[in-house]
Amino acid sequence: MKRKAKPRIAFLREKVGLTQLELSGLVGVTQSTIENWESGRTGTDHIERIAKFCKALNCQVEDLIEYTSKPFEETAKKPSPRIAFLREKAGLTQLELSRLVGVTQSTIKNWESGRTGTDHIERIVKFCRALNCQVEDLIEYTSEPFEETVNRPISLTNIRNLLGPDEVDEVPQYYLKSTVKNYANNLEARENSLQGIPSILAEGFSQGKDLESSYVANEKVRTDSSAFAPTLNPETSLSYKVLLFVSPEIIKLAGEIKFLIGIQQAAKYEENPSFFQITQNDAIANELNIILKAPGFQLNGDNTASLPLDPNTTQETQTATFRLTALRPGNATITAELYRGDTFETKLETQIQVADIDEATFIPRPITTQPRPVPQADFILRIQTIADETNSTCKFQYQLRSFRLPSLFPGHSIYTSNSFSTSWVEQVRGLLTTTLENISGSLPQEGTLHLASLGQYLFNHLFPPELQADIRSFIPQNSTFTLLMLTDQDVSIPWELLHDGQRFFGERFIIGRWLQELSDTRPYEFPVGVVNIAHYANVKQPELWATLLAAPGAPPPQLLPEGILHDSTEAMRGLHLIRYSQPADAANRRDAPVRLDNTNDVEEIETKIRPAKLNLRRNRPFVTLGYVKTDIPELTELEKTWASAFIRAGCSGFTGSLWAVEASVEAAFVSNFYHQLWAGASLGEAFYTSRQLARAVAPDSLDWLGYVLFGDPMARPYLPVEGKGYAVVEPIGRDIDEPMPVGMPLRFRLSLRRTPPVWHEDRVMEVAEDLMFENLQVHISAAGLEITPDSTINMNLAPTGNYLGWFTLTAPPEIAGNSVLVEVYFMDREEPIDNLIFSLEIGNEGGEIGE
């Protein structure tokens, strides 16, 4: 009897954590089309045909088409069928292929000519990419009627015997089969505690369903499995597969993409970056931490996320979503670093193509600001690099917004520079090196003239005449203003040294730079306290530098063991890196916090600080680089290596010099800087006064001009206060901002922990080494929602030293389309510990949000 094809799209979609609406956006169809495909009303015949095509031609579904560009103004590429080529390669005629696929010969002709069928292939390609599957996985075959006799397993031993010892790797349903094998191998002695599970799986067998569907679809199995998961052998390993996909893969400049990372339990472990393992015991209260790096894109939100790894969440596909805006054209690489708890696990990369557009139609995003408790900088200058297709020339686009003179600079005006060759931009660094060599040993007045000449040259070339005129005419010369510069990381320009004919930019403004890709995440507050000192081996008497950083009333600075930056610096509130230029013996550079020579770049620095990256992100220290001159002038690679690496790691800011400076200048700057921060001065104030002191200490030196600040100049320091832990509520299997489906239980993980989650936004606290409570409980209030358990939740101490608990919320049909406030109270008997409040949007019964 002919087997009937049945769609598996709904199962695969839920497995990767997508809604019908999200999948429709990835594929490029309407949500109703997804509903029709999942129900089997339409689409199944197209999938079946394409599956037969792939089998007959011995190819993947992506091989059936190729993308060809039309005229350049059409940035979307048109698919062209490759069926004729693949058919001839396989040695088949159109008639032979038509009989293998089950269509007419004229249909094959139409498909090969592109008259029909291409859109179906393209949809299937997008389905397979979005759902991380092969075309055969989109359907399964069921016999009607069910004619074969299936032996119903009645025990775990029976299930193991049915599966066989070696068949797991050969069947598509290996996920659950391997899981059942584990149950049979490790838990057979506990069969009495697993009553009900074999019979439910047997029911799936009897109905001809694959085991995985039977397991995932049955809520009783889920409930039972979560109940017994903590009793598993703590040494039993859990294997996870990491899912990653981007939509779309080709976008226009200023277009938005969605970047998803998900994890799901895998039945077998593979040696590749998409898999990792963890023991049952280590998984309890643990999490997968994600740090995203996307040069050339602006992150619309934070660049970090966490996904729980607890054993009773293993059957849920967890996803984290990042939304990014393309800042410049060309091919770009997005990198996701994955940490299992505090341990680096792997790094995943994907390529994105950003298509160029007509400059006349390009409208940059407006400079927006978020409400915050500290003032904005007087001016914000956004600098964006626009390169051509070949990356041989580029232009700079500028937007200037003023909070001091809002009517003159509202932020809507766009200034565009002339075109530059990229080689000229790269030569700017060489011009600065040459200038420093020329002024070495010269009189201060002569050196100032040389630097001013370079600054005027850059000012006139980099800034278009309209921007030059507006800066000279409308910004008063007799005052010093704060300026936040949002810049591309690709270009190293000494913006502070630009000279308008009267003053250096670094004199006229208190400048704070920030990476444009991270502009939405720049901190407006940062902690002060213990400063850790890391130094290179050739630094003599590093304790003398520690003395300079000892501000009155501040905790004494701490020298890191052997000067190495590592992951034990949990109390870090500041970090000072000390290095001398050009040591005679290159070997003296080992034992450094981050080893750097002329061949290293930002990627190597980021790799070297990786062991400490999560603590840098959680503690948000401010970092200073002391780069002390020995013999010859040397640039410090500050912009593209040191500063960017530490800022992307999550630090509050960074300051250092563009070139190696005299020891007396560095001593004056760094000592005053930390004194000012401890006294409560803003970041810009501390930077400005420290540069002035460095200038006064060494009046014959121009080194004070070399200091550069990365951070919000208006940001203010604060002293971390004592707290009783970080209270965290996390939904399992979906984002907290995603609408909650009606009638579907949504589980949450509660935790009270010593360290903040990697994505935290609140202030840093000082938490006791051990969290100890007499009877920690949580009370939930959510009007209109069903809460399970309906009584107080008892929090348990996990092996990590954190407290852990679980609860479930269910929305009844009568509150569909509403928003519900959820209040969570942490109590130790009668003593309040912490409380959290958040809102949940309830979807309509059809899945949409009400107006």
Side-chain angles (χ1 to χ4, degrees), residues 291-305 322-325 327 364-384 399-403 411 481-489 495-496 509-528 573-575 602 606 613 616-624 638-640 642-656 673 677 681-688 708-718 756 758-764:
I291 300 180
L292 196 71
K293 178 188 173 186
F297 293 87
Q298 174 151 352
L299 285 127
N300 304 323
D302 209 342
N303 68 326
T304 54
F322 301 88
R323 289 174 171 80
L324 306 96
T325 301
L327 299 177
R365 292 158 57 90
I367 299 176
T368 59
T369 57
Q370 301 294 330
R372 60 191 207 164
V374 301
Q376 298 284 351
D378 296 325
F379 296 90
I380 297 180
L381 179 65
R382 175 182 288 162
I383 307 172
Q384 183 165 329
Q399 285 177 278
L400 182 60
R401 180 175 180 181
S402 174
F403 293 91
F481 299 99
T482 54
L483 171 66
L484 175 64
M485 301 181 73
L486 303 176
T487 64
D488 281 338
Q489 189 55 37
W495 301 104
E496 292 78 2
F509 299 97
I510 302 173
I511 299 175
R513 299 196 204 182
W514 197 251
L515 304 184
Q516 183 171 316
E517 67 201 61
L518 300 176
S519 63
D520 289 342
T521 63
R522 65 180 184 274
Y524 57 78
E525 292 181 305
F526 59 95
V528 294
R573 300 290 176 259
L575 174 64
V602 64
E606 289 189 339
K613 187 172 287 188
L616 293 174
R617 181 64 182 81
R618 292 185 179 120
N619 291 282
R620 300 179 180 176
F622 193 90
V623 182
T624 52
L638 185 76
E639 302 141 292
K640 298 188 72 170
W642 294 98
S644 63
F646 279 94
I647 289 172
R648 286 197 180 101
C651 296
S652 298
F654 190 98
T655 189
F673 184 77
L677 294 185
S682 69
L683 194 54
E685 291 169 345
F687 180 76
Y688 178 79
V708 177
L709 173 66
F710 285 80
D712 189 334
M714 306 306 292
R716 305 202 70 90
Y718 66 88
V758 69
W759 44 262
H760 84 106
E761 298 177 356
D762 297 328
R763 285 187 168 192
V764 175

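Here the structure is a predicted model, which is why all the values come from computation and not from measurement.
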Looking at residues at least two apart in the chain, or sitting in another chain, which of them share a side-chain hydrogen bond (donor to acceptor under 3.5 Å, both in side chains) with [X]?
X: R763; answer: E525
X: S682; answer: E685
X: T325; answer: N300, R365
X: T482; answer: D378

| Test ring pair (Phe, Tyr, Trp, His ring centres under 6.0 Å) applied to F297 - qualifying residues, sequence neighbours left out | none

| message | Could you work out, with ring pair (Phe, Tyr, Trp, His ring centres under 6.0 Å) as the rule, every residue matching F403, not counting sequence neighbours? | response |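 Residues passing ring pair (Phe, Tyr, Trp, His ring centres under 6.0 Å) with F403: none at all.
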
| said: If I take atom OG1 from residue T487 and atom CD from residue Q516, how far apart are they, to the nearest 0.5 angstrom? | reply: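 Taking OG1 in T487 and CD in Q516, the distance rounds to 7.5 Å.
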
| query | Quick one: CG on L515 to CD1 on I647, what's the gap to the nearest 0.5 Å? | reply |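 So the gap between those two atoms works out to 5.0 Å.
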
Which pair of non-hydrogen atoms, one from [X] and one from [Y], has the smallest distance, and what is that distance?
X: P621; Y: L575; value: CB-N, 4.5 Å
X: A305; Y: V758; value: O-CG1, 3.7 Å
X: V623; Y: C651; value: CG2-SG, 3.6 Å

Sequence neighbours left out, what passes side chain to side chain contact (heavy atoms under 4.5 Å, CB included) with [X]? Give chain and number order.
X: S519; result: Q298, L486, R522
X: P527; result: R573, R620, S652, Y718, P720, V764
X: P717; result: F526, V528

| field | Residues in salt bridge (Lys or Arg N to Asp or Glu O under 4.0 Å) contact with R401, at least two apart in sequence or another chain | value |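 Scan of R401 (salt bridge (Lys or Arg N to Asp or Glu O under 4.0 Å), adjacent residues dropped) gives none.
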
| said: Tell me every residue that passes salt bridge (Lys or Arg N to Asp or Glu O under 4.0 Å) with R617, counting only those two or more places apart in sequence or in another chain. | reply: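 With sequence neighbours excluded, R617 shows a salt bridge (Lys or Arg N to Asp or Glu O under 4.0 Å) to D302, given in chain and number order.
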
| Under the salt bridge (Lys or Arg N to Asp or Glu O under 4.0 Å) rule, what pairs show up with a residue in residues 367-376, not counting sequence neighbours? |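 Listed once each, the pairs are R372-D712.
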
| task | Determine the interplanar angle of the F481 and F379 rings, folded into 0 to 90°, and report it as parallel if under 30°, tilted if 30 to 60°, perpendicular if over 60°. | result |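 Taking F379 first and then F481, their aromatic rings stand perpendicular (interplane angle over 60°).
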
